[in-house]
> 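I'd like to ask you about the structure that follows.
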Amino acid sequence: MRRLALIDCNNFYVSCEQAFNPALRNRPVVVLSNNDGCVVSRSAEAKQAGIPMGIPYFQVRKQLASIDGAVLSSNYVLYADMSRRAMRLIAEQFPEQEIYSIDECFVDLSGLSADQALIQAFKLKQHLMQCLSLPVSVGIGSTKTLAKLAASLAKRPGATGVANFSNPMSPERLAEMRQQPVGEIWGIGRRTTQSLEAANVLTVGDLLDKPVSWIRKRYSITLLRTVEELRGQDQLGLQAAAAPRQQIIASRSFGHPVYAKSELGEALATFVARAAERLRADHSLASIMQIYYNAKDPAADGDPCADAIILNLPHATDDTRLLIRQALRGLDEIYQPGLKYKKAGVVLGGIRSADIRQPGLTGLYPEAIAPSPIMKLMDHVNQRYGRDTVRIASMGVDAKAGWHMSCSRRSRRYTTALEELPVLSTQGIS
DNA sequence: TCTGGGGTCCTAGGACCC
DNA sequence: TCTGGGGTCCTAGGACCC
């Protein structure tokens, strides 16, 4: 019998912060998105105070201050490292693992009985708390969709943190599953929830009672697969090995508006460098690059405007230098003086394995055949001594340039930077 | 007056996820 | 004044091919 578990870190970003700073425990805490824009993670106390997920910070600043809430900028370096540690601990217990996101993974429990699975889930919870101070919820199910649904139950306030929707299910458990609102189901978002509710399909049970033909006629194959999964028929499988990405995006809203082409060029070159690092880490090449911007036009009452250009590269590449050259050429074509630039980005596409390199029919680009030793060296130095220790000159040298993000409330990189390690003294951790 | 059938590839847009 | 970033999959429609 197939049995899967979803392991989900509770309030992951906030929990990472609380792990290192006890003063943040048992009180309202939120972590903000890039540029301190929106609330993206909330402690239980912040949720209880009614702070919504995704709300712009400025709309809840006063409320947070009035309840003595702590507000933090995102510290992605810390979260990524904590994630890596948690995933490794989980894989030690359950080697069949699919890492689904920074704070979630699926594991295979097929060898275990339902009771054994529950016991193992509680043990794992305890283990992660002990090793990393990370609270997790575990949902068990015979498919990923059921495991997800179980996890959403498991993490409700007052719940035990573990829930099981895998067979054999008691009649009470089944009834509870069928009572869940459709909006709780993984893969059913806001729009589909609205549409289903309009058709008087309000719960999982309502949806399961609809004939396949009704679902297929009104919705896509995607929803049909979701329903099959809820019936216990596996449609999604466990993807143990991560497939290389098909698309790599690097983009940022600017800390301050940007006007000059040179500054926009520095920002774009930096985004290209980030994307190319990820490309090489995947052992991939890109053959298409898109660059784009969002801006406001002061000449038109500050109306928002945007433009983009798709660049077909002369050959598939992972070379930051070539990619930056092409990106700046693209910028020449879409840059408009006078606009107030708010955000820019780069998308790498046409991605394929770096095992096959070919220079194109013209033979004009012999360098396309072999990976660049300079890129390899650059990655190596930057991994060892820190990001951008070696960089391309067009990325600029001023780390305070206006386009860089603002993140004034970032905590320290406790686990990845020597000079920011926590210090233990008789007064506690500082 | 009569106007096929089957297929691929690409793109834009929508919906969803964390 | 201030509203994130990085992804996936599906669908419909157009261009093109034989």
> Starting at CZ of A:R245 and ending at P of C:dG5, how long is that distance when rounded to a whole Å?
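These atoms are roughly 17 Å apart.
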
> Nucleotide by nucleotide, 5' to 3', does protein get under 4.0 Å of the base (B), only the sugar-phosphate (S), or neither (-) in nucleotides 7-18 of chain B, counting heavy atoms?
--------SSSS

> Report all interatomic pairs (protein N or O, nucleotide N or O of nucleotides 2-4 of chain C) with separations under 3.5 Å.
from  : atom 1 : to    : atom 2 : distance (Å)
C:dG4 : O4'    : A:S33 : OG     : 2.9

> Are A:R61 and A:Y57 in a cation-pi setup, meaning NZ or CZ lies under 6.0 angstrom from the ring centre and within 45 degrees of the ring axis?
yes

> Please check this pair: side chain of A:S372 against backbone of A:D319, looking for a donor-acceptor N/O pair closer than 3.5 Å.
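It does not hold such a pair.
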
> For a quick check of understanding: with a heavy-atom distance under 4.0 Å over all strands, which category does A:I221 fall into, base, sugar-phosphate or nothing?
sugar-phosphate

> Please name all residues satisfying salt bridge (charged side-chain N to carboxylate O under 4.0 Å, His left out) with A:E263, sequence neighbours left out, ordered by chain then number.
none

> Taking ring-ring contact (aromatic ring centres under 6.0 Å, His included) as the definition, give me every residue that meets it alongside A:Y13, ordered by chain and number, with sequence neighbours left out.
A:Y76, A:Y79

> Find the runs of at least 3 consecutive base pairs, i with j, i+1 with j-1 and so on, that include DNA chain B, using Watson-Crick or G-U wobble geometry with both distances under 3.5 Å.
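If one scans DNA chain B for consecutive Watson-Crick or G-U pairs, the stems found are B:5-18 with C:5-18.
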
> With respect to the phosphate group of C:dG6, does any side-chain polar atom (N or O) of A:R274 fall under 4.0 Å of OP1 or OP2?
no

> Judged by each residue's nearest nucleotide on DNA chain C, which is more toward the 5′ side, A:F254 or A:Q246?
A:F254

> Among residues at least two apart in sequence or on other chains, which ones pass side-chain contact (heavy atoms from CB on, under 4.5 Å) with A:S73?
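Result, side-chain contact (heavy atoms from CB on, under 4.5 Å) vs A:S73: A:D36, A:C407, A:R409, A:R410.
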
> For DNA chain C, which residues in residues 203-220 of chain A have a heavy atom at a distance below 4.0 Å?
A:R216, A:S220

> Can you measure A:I248 atom CD1 to C:dG5 atom P for me and round it to whole angstrom units?
18 Å

> Run the side-chain contact (heavy atoms from CB on, under 4.5 Å) test against A:A281 and tell me which residues pass, sequence neighbours left out.
none

> Going by ring-ring contact (aromatic ring centres under 6.0 Å, His included), name the pairs with one or both residues in residues 120-167 of chain A, residues two or more places apart or in two chains.
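Qualifying pairs: none.
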
> Restricting to non-hydrogen atoms, name the atom on A:R2 and the atom on A:S110 that form the minimum distance, rounded to 0.1 Å.
CA-OG, 3.6 Å

> Who passes ring-ring contact (aromatic ring centres under 6.0 Å, His included) against A:Y292, sequence neighbours left out?
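A:Y292 satisfies ring-ring contact (aromatic ring centres under 6.0 Å, His included) with no other residue.
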
> Which heavy atom in A:S137 sits nearest to a heavy atom in A:A151, and how many Å separate them?
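That would be CB-O, 4.4 Å.
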
> Show me the donor-acceptor pairs, under 3.5 Å and distance only, between side chains in residues 293-306 of chain A and residues at least two apart or in other chains.
from   : atom 1 : to     : atom 2 : distance (Å)
A:Y293 : OH     : A:I334 : O      : 3.4
A:D297 : OD1    : A:A299 : N      : 3.0

> Is the distance between the ring centroids of A:W403 and A:Y259 under 6.0 Å?
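No: the rings miss the under 6.0 Å criterion.
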
> Looking at residues at least two apart in the chain, or sitting in another chain, which of them share a salt bridge (charged side-chain N to carboxylate O under 4.0 Å, His left out) with A:E104?
A:K148

